[in-house]
Amino acid sequence: MKITKVFMLMVLVLLAIVVLSGCSEQDIVTETDAARSGGEETKEEESGGGKNHFEKDDEQILNIMEMGALTLLDSVLAQDVGTFNVLNNVNEGLFRLDEDNQAIPALAVEEPEISEDGLTYTFTLRDANWSDGTPITSADFVYSWQRAIDPATESPYGPYMMTGTIANAEAIAAGEMEPTELGVEAPDDSTLIVTLERQIPYFISLMSFGTFYPQNEAFVTAAEDAYATNADQVLYNGPFKLTNWDGSDGSSWTMEKNEEYWDAETVVLETINVDVVTDPQTAVDLYTSGEKDITFLAGEFANQYSDDPEVMEGQSPNVFYFKFNQLREDERTALANEDIRRALAQAYDKEDIVEKVLADGSMPANYLVPSEFAFNENDEDFRSINGDMLEFNTEAAAELWSQGLEEEGLDELTLELLGEDHNVAIELNEELKVQLEENLEGLTIDLKTVPFEELLALEEAQDYDLLHTGWGPDYLDPMTFLDLFVTDSPLNSMSYSNEGFDALIESAKGELARDPVARWEAMAEAERILLEEDVAIAPIFQMGTMSLKKPYVKNIVKHPFGSDYSFKWTYISGKE
């Protein structure tokens with residue numbers, strides 16, 4: 001987004017599901033999560049693998065719901081998880097996440113050749129076509145990546161994903177070099193050479209992310225401003241292609257099997273019908289009537305259907321938190337006071353919130369980097385280093401609050417809490433308001449709810465006091481959460497700055513790249529500074545997912561980073 005998946009996820013839409021994370025947000029549970037009635041399906045049943053040795057219905061149609069409209073499908077401009085979810089199913093890059101969430105060659109025919117210094121990657125492309133039959137070439141990647149880093153494009157993710165990663169990206173984003181000087185070249189149609197700024201331990205997982213997808217220059221330039229605004233103004237190279245989407249309101253669309261896809265024999269589904277449904281009651285009604293095959297659950301519906309044999313539960317690596325804006329309209333705010341921030345961070349009962357409001361398996365979060373997400377070579381969870389921070393403590397919060405107000409010369413304080421106008425988000429923020437005002441004497445919380453796009457604009461302009469937002473990982477590494485908050489990050493947007501934090505992030509990205517133990521420790525210390533020492537943000541919860549899914553829908557693959565899910569391996573069996 002920037003604004004990145006932070007903004008995608010930042011919308012509590014993520015709570016509900018597919019639109020995201022993303023950085024937002026609806027989530028579909030993978031078939032590898034056990035249904036309560038039947039347990040896990042076997043891998044043999046799940047995996048198509050191109051051979052499709054399993055029983056399937058003659059009619060392969062999936063009917064699903066999204067929480068957010070689809071308004072643009074330009075991979076260079078994408079910034080919300082809903083758009084990235086669609087892109088992941090209609091396009092792909094050099095690599096793709098497979099059924100086990102491993103990054104495997106997609107448009108790359110094999111693993112790249114890597115130079116001895118770890119800075120040059122040479123990819124060989126497979127023979128593959130765009131949906132109009134045009135061959136996909138290495139020049140398509142060069143064009144797309146240069147377009148993403150070009151300041152004139154105003155890509156929200158290009159500078160964020162490429163700066164410090166691809167050679168010359170930082171200087172290009174700053175307008176000091178030309179986009180053609182980006183460290184990517186195409187010596188021939190099937191060879192792509194990428195030069196890195198420094199060693200990137202997670203570089204291959206980045207290659208599955210939507211910002212790094214190719215684009216056909218002739219098609220994009222011919223479409224001009226209409227590019228990616230409706231189904232006919234996009235070329236597809238993934239398992240499906242988009243139809244019945246005019247881009248005007250984005251309230252419904254269809255994905256149909258792409259016969260030009262290089263791995264089309266693996267794809268079983270013929271049609272995926274998508275409708276935007278924002279009301280939880282309507283969503284449940286459409287599911288129970290048989291009109292839709294999957295629906296999200298939260299709050300009262302999560303409690304109501306918790307014992308249903310068709311319920312599916314899972315844990316997501318998406319973490320939600322408060323951002324404290326320390327500078328608004330170029331003036332220092334009361335949130336620049338550490339005692340006030342710390343008091344706010346400890347004044348709400350996270351356990352009560354996840355049980356009372358969400359009830360979908362979400363967990364209290366006393367951290368930024370999620371649990372069960374990143375592991376070292378000894379299979380140790382990153383969370384084991386810092387453990388819990390900023391835990392709920394009303395007595396400590398009240399004392400710190402009193403101190404902070406006195407330091408600021410205040411008897412009371414009114415703060416605006418900015419959130420998205422989705423019903424789950426509204427209910428959650430109302431509960432946070434009640435708890436904060438009850439536990440901190442003299443505090444008034446004014447709730448401001450706005451549509452998603454307006455929320456993104458207000459965040460970028462730093463026109464808020466408190467922002468309830470969230471982040472979902474873009475790649476498999478703690479850094480995807482931590483580098484959001486360096487001083488010059490376009491995603492910081494709250495005037496937080498700590499030289500020690502910045503130095504740790506820089507070393508973890510640079511000199512410690514070949515020392516995984518020291519790198520791990522540096523990132524853990526950075527997280528500790530961000531939360532425990534500076535209280536730059538205040539964690540709330542790590543997202544859980546609860547959905548109802550018809551038993552005949554098989555093998556929807558849920559991803560822990562990048563996009564939320566893939567339908568490449570999904571099929572219908574037993575509905576007839």
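If you're wondering where the values come from, they're calculated on a predicted model, not measured in any experiment. Heavy-atom basis, side chains included; hydrogens, waters and symmetry copies ignored.
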Student: Determine, using ring centers only, whether F382 and F373 are less than 6.0 Å apart.
Tutor: no

Student: Flag the pair E525 and R528 as a salt bridge only when some basic side-chain nitrogen lies within less than 4.0 angstrom of an acidic carboxylate oxygen.
Tutor: yes

Student: Would you mind reporting whether L344 and L436 have side-chain heavy atoms less than 4.5 Å apart?
Tutor: yes

Student: Do R342 and E399 meet the salt-bridge criterion of a basic N to acidic O distance under 4.0 Å?
Tutor: no

Student: Inspect the contact between K350 and D388 and indicate whether a charged nitrogen and a carboxylate oxygen are less than 4.0 angstrom apart.
Tutor: no

Student: With a 4.5 Å heavy-atom cut-off, do R332 and E408 have their side chains touching?
Tutor: yes

Student: Salt bridge or not for E99 and K558, using N-O below 4.0 Å?
Tutor: no

Student: When you measure from the side chain of E416 to the backbone N and O of L466, does any donor-acceptor pair fall under 3.5 Å?
Tutor: no

Student: Side chains of N318 and P473, heavy atoms from C-beta outward: is any pair under 4.5 Å?
Tutor: yes

Student: Between Q346 (side chain only) and E391 (backbone N and O only), is there a donor and an acceptor less than 3.5 Å apart?
Tutor: yes

Student: Working note: R519 + E511, criterion salt bridge (charged side-chain N to carboxylate O under 4.0 Å, His left out); need CA distance, chi angles, decisive distance, verdict.
Tutor: CA-CA 9 Å; R519 180 175 182 271; E511 63 193 60; over 6 Å; no

Student: Does some side-chain heavy atom of Q435 sit less than 4.5 Å from a side-chain heavy atom of I353?
Tutor: yes

Student: Look at the side chain of S144 and the backbone N and O of Y213, then say whether any donor-acceptor pair between them is shorter than 3.5 Å.
Tutor: yes

Student: For residues Y475 and F561, establish whether the separation of their ring centroids is below 6.0 Å.
Tutor: no

Student: Would you confirm whether T480, through its side chain, and D474, through its main-chain N or O, come within 3.5 Å as a donor-acceptor pair?
Tutor: yes

Student: Would you check if the side chain of T333 reaches a backbone N or O of N325 as a donor-acceptor pair within less than 3.5 Å?
Tutor: yes

